[in-house]
Number of protein chains: 2
Amino acid sequence: MRLPSQTTVPARSGTQRSAIAEGILDAAERLAQTRGFNGFSYADIAAQLSVTKASLHYHFPSKADLGHALIERYSRVFAQALAAIDAHTEDAGEKLKRYVRLYDDVMSSERMCLCGMLAAEYATLPVAMQDELRSFFDANERWLTDVLEEGRRAGRLTFRESARKRAQAVLGALEGAMLVARAYGDVRRFRSTAAQVLADLGVERPRAAHA
Amino acid sequence: MRLPSQTTVPARSGTQRSAIAEGILDAAERLAQTRGFNGFSYADIAAQLSVTKASLHYHFPSKADLGHALIERYSRVFAQALAAIDAHTEDAGEKLKRYVRLYDDVMSSERMCLCGMLAAEYATLPVAMQDELRSFFDANERWLTDVLEEGRRAGRLTFRESARKRAQAVLGALEGAMLVARAYGDVRRFRSTAAQVLADLGVERPRAAHA
DNA sequence: GTCTATAGGTGGATAGAC
DNA sequence: GTCTATCCACCTATAGAC
């Protein structure tokens, strides 16, 4: 992890950053997702990348800068994943299954959703990070709301209350399931809850795979 | 755990502790529930209680000791609350409503469930705290499982899957709802999700109060 | 039981050479 | 861009007087 000269990374959309900065973010992201934003230091990143702390400060002057970049990138990647889902299928049930799979992938790498993690540390975060954190949840909520609304209209999903409130409930349930499951180091625990969230919406259980 | 002279506090069940130690735990608990276990220091507690840090170390030598006492007390009080619910009603739906109210009370004091908070910091906690944390969730899961099982048997509740899995899903959903709602400083957001969790189990929405 | 004083370590962050 | 060296604030924890 040490590519000094050129940059290699296209990164057409959003903020461009050097490959080195991306590597720092990769390490910081993993630490933040496992230990929390207050649970790691520049020294931890430096050790993993075999560079000095001072070097890290060149790329991200303050930890608040690092945290900002962390959420910004995470939100951007997540938004791309949601766009990819939209591009892949029109079916609300299938969209939700794929949405759940995004969380499942995070859990499978023995991490917690970055923003779920930061939500716990909310009170200790710089104001900028607090705002960006809510924006992440807002974006998730909007996407879920649209999917739920459309799914209900198409007779694919069933639920009472507004789509928005249901979206909030789904988001919270998945975040909470990750949170608790991680204490048991048991992905199945998350999957079990996720399956129930989908079932409660009327999404049938997957019996056979359908490409 | 160090009770020199008398104690003043009745505390018939469980570990006895001085009134001073209880005061320290009160302050530490609030800090842990708002900022996380890694988000506060002995200095924070000392400032709130107008004593010195050294004084705190007399009652809780290490922070691990403090954390242990924190979970132990929280679990004990929670268990008593569950016992009180059991003593008050036989109806599974009513039990669940009261269970939700326990969480609602925590949220209303602008806190997060202590153990939900600690679950986020899981990887950074002393092993003893990790074990006690899982015990807390286990106890919740057992109680919920019994209530769900009984409620279904009595035709009061409806759900597929095993009661145990449903219990895990309910617990996770409530913890996650608290987690996210706190970022918005909005208790209603928690209540909305909690109501849906109950509704999905077939618990009717409360129309009129019934003492 | 509480205090002062302090040890020993780590946190984020900066200066300036290379 | 990365390094060495360093600053200072803060952390947990202890010694010993009162």
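Note on naming: letters A, B, ... go to the chains in the order of the sequence lines (proteins, then strands), and numbering restarts at 1 for each one.
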Fill in the blank from the handout: Contacts satisfying salt bridge (charged side-chain N to carboxylate O under 4.0 Å, His left out) that involve residues 26-47 of chain B (not counting sequence neighbours) are B/Asp26-B/Arg73, B/Glu29-B/Arg73, B/Glu29-B/Arg111
Practice task
Among residues two or more places apart or on two chains, list those pairs meeting salt bridge (charged side-chain N to carboxylate O under 4.0 Å, His left out) that have a residue in residues 118-132 of chain A.
Solution key: A/Asp131-A/Arg134
Exercise for the section: Using ring-ring contact (aromatic ring centres under 6.0 Å, His included) as the criterion, list what pairs up with B/Phe136, not counting sequence neighbours. Expected result: B/Tyr74, B/Phe78
Exercise for the section: Could you verify whether a donor N or O on one side chain and an acceptor N or O on the other, from A/Ser135 and A/Asp138, lie under 3.5 Å apart? Expected result: no
Handout entry: D/dC3 OP1/OP2 closer than 4.0 Å to side-chain N/O of A/Thr52
Key = yes
Exercise for the section: Any ring-ring contact (aromatic ring centres under 6.0 Å, His included) involving residues 159-194 of chain A? Give me the pairs, sequence neighbours left out, ordered by first then second residue. Expected result: none
Fill in the blank from the handout: When rounded to whole Å, the CG to P distance for the pair B/Leu49 and C/dC3 reads 10 Å
Exercise for the section: Starting from C1' on D/dC10, measure out to CG on A/Asn38 and report it in whole angstrom. Expected result: 14 Å
Exercise for the section: Could you check how far CD1 of B/Ile45 sits from C1' of D/dA13, rounded to whole Å? Expected result: 14 Å
Handout entry: Value in whole Å for how far the P atom of D/dA15 lies from OH of B/Tyr58
Key = 16 Å
Problem - Under 4.0 Å protein heavy-atom contacts per nucleotide of nucleotides 11-16 of chain C, with B for base, S for backbone only and - for none - result: SBBBB-
Problem - Closest listed nucleotide, where the reference is the side chain of B/Ser55 and the choices are C/dC3, C/dG1, D/dG1 - result: C/dC3
Practice task
Kindly state each residue pair satisfying salt bridge (charged side-chain N to carboxylate O under 4.0 Å, His left out) with at least one member in residues 166-182 of chain A, sequence neighbours excluded.
Solution key: A/Arg166-B/Asp200
